[in-house]
Structure formats: structure tokens, C-alpha cells
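Below is one structure, written out as C-alpha cells; comments come after it.
The figures that follow rest on heavy atoms only: side chains count, while hydrogens, waters and symmetry mates do not.
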Amino acid sequence: QVQLVESGGGSVQAGGSLRLSCDASGYTYSTYYMAMAWFRQAPGKEREGVTSIDNDGSTSYADSVKGRFTISKDNEKNTLYLQMNSLRPEDTAMYYCAADYRRPPMKTIAPMSWYSYWGQGTQVTVSS
């Protein structure tokens, strides 16, 4: 069983930055072998894929965050990161970390139904 714990959320003004972390534990193999992603869910909206990093290190981004967000993975620390710059009020949401040991079926962000492991989320609030 894999446990994922997000941290780093908070409140920030528009234009500011935050870095989210997702610590993985309780696994047999390291995050090196994992496909991982960040999803977010705003109040009253469906959960959406923000960015993913596959088993081979390739990354995908939603159009709304391209050029502002960067996903990375430290396999020594078994931690996934999301660096968020130039934050906007529309980025306000609960952010979730997701992971799976399988190879994603596509070169874009896999749907949330594909990921087997999920964290509890961390809140990001951006004020104007």
C-alpha cells in the first residue's frame, strides 16, 4: 500500500508563488518507478488534471498552467513537487497528489480514474 501526503498549500496573493510537496511512503519500490500527477478541485467543480510526470520522466501540463507551474520528482527523497508561479485567483482549489506504478496509457495527463493512489489534498487559495 502506498501513502501519499501533500503539504505546502496556503494563502497567497495573485502573482505569488507556492511549492507543493507530496511525500510517498509505505511502498515497495521508490517513486523512480511511479507515474505521478497533481490534480485540483475547486468548489463546485470537477477534479481536473494539472500536470503529470511519467515513469520515464516525461511531463504533461494542462493548458491553463503551462509556463507557470513545474512538476518535478526527487526519487532520493521519494517526493513529488509542484512549483507554482504567477498564481491567479482561478488557481484556488484543493490540490491532490496521485500515483501509480503502471505506465500511463497516454502521453497526456491520465484521467483520475487511472491513478491507484491518492493523497488527502492541500488547499491553495489565491486572492486578487
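Distance check: Leu18 CG to Met84 CE gives 4.5 Å after rounding to the nearest 0.5 Å. To the nearest 0.5 Å, atom CG of residue Asp23 and atom OG of residue Ser7 are 6.0 Å apart. For the atom pair NZ of Lys77 and OG of Ser30, the computed distance is 14.5 Å after rounding to the nearest 0.5 Å. Taking CG of Asp54 as the start and CG of Asp100 as the end, the distance is 11.0 Å to the nearest 0.5 Å. Separation of atoms CD (Glu6) and OH (Tyr95) is listed at 12.5 Å; rounding is to 0.5 Å. Residue Ser21 holds its OG atom at 8.5 Å from CG of Leu80, rounded to the nearest 0.5 Å.
Listed here is the closest heavy atom pair of Met94 and Gly121: SD-C, 3.7 Å. Ser60 approaches Thr108 most closely through the heavy-atom pair OG-CA, 3.6 Å. What you find for Lys73 and Met34 is that their closest heavy atoms are NZ-O, 2.8 Å. Looking at every heavy atom in both residues, Val50 comes nearest to Val65 through O-CG2, 3.6 Å. Among all heavy-atom pairs drawn from Gly49 and Ala62, the shortest one is O-CB, 3.6 Å. Considering every non-hydrogen atom in both Gln83 and Ser17, the closest pair reads NE2-CB, 4.0 Å.
At a cut-off of 3.5 Å, with distance as the only test, no side-chain donor of Asp74 or Thr79 sits close to an acceptor on the other residue.
No salt bridge links Asp91 with Arg88; every basic N to acidic carboxylate O contact stays at or beyond 4.0 Å.
Judged by the 6.0 Å distance and 45° axis criteria, Arg40 is not positioned over the aromatic ring of Tyr96.
Ring centroid separation for the pair Trp38 and Phe69 does not come in under the 6.0 Å cut-off.
Cluster membership check: Leu4 shares its hydrophobic cluster with Val124, using side-chain heavy-atom separations under 4.5 Å among Ile, Leu, Val, Met, Phe, Trp and Tyr. Note on Tyr33: it does not cluster hydrophobically with Tyr81, by side-chain heavy-atom contacts below 4.5 Å among ILVMFWY residues.
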Can you check side chain to side chain contact (heavy atoms under 4.5 Å, CB included) on Trp118 and Arg47, steps first, answer last?
CA-CA 13 Å; Trp118 289 85; Arg47 193 172 299 188; 3.5 Å; yes
- Task: Under the side chain to side chain contact (heavy atoms under 4.5 Å, CB included) rule, what do Thr70 and Leu82 come out as? Steps first, then yes or no, please.
- Result: CA-CA 6 Å; Thr70 303; Leu82 179 63; over 6 Å; no
Checking Ser128 against Gln13 for the side chain to side chain contact (heavy atoms under 4.5 Å, CB included) test, could you report, in this order, the C-alpha distance in whole Å, the side-chain angles of both residues, the deciding distance, and whether it holds? CA-CA 6 Å; Ser128 57; Gln13 288 191 328; over 6 Å; no
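Side-chain contact between Val2 and Tyr101 is present, with heavy atoms from C-beta onward closer than 4.5 Å. Using a 4.5 Å cut-off on side-chain heavy atoms (C-beta onward), Tyr115 and Met36 make no contact.
Using a distance-only test at 3.5 Å, with no hydrogens or angles considered, no donor-acceptor pair links the side chain of Arg103 to the main chain of Ala35. Side chain of Thr51 to main chain of Tyr61: no donor-acceptor pair is present (N/O by atom type, distance under 3.5 Å, no hydrogens or angles).
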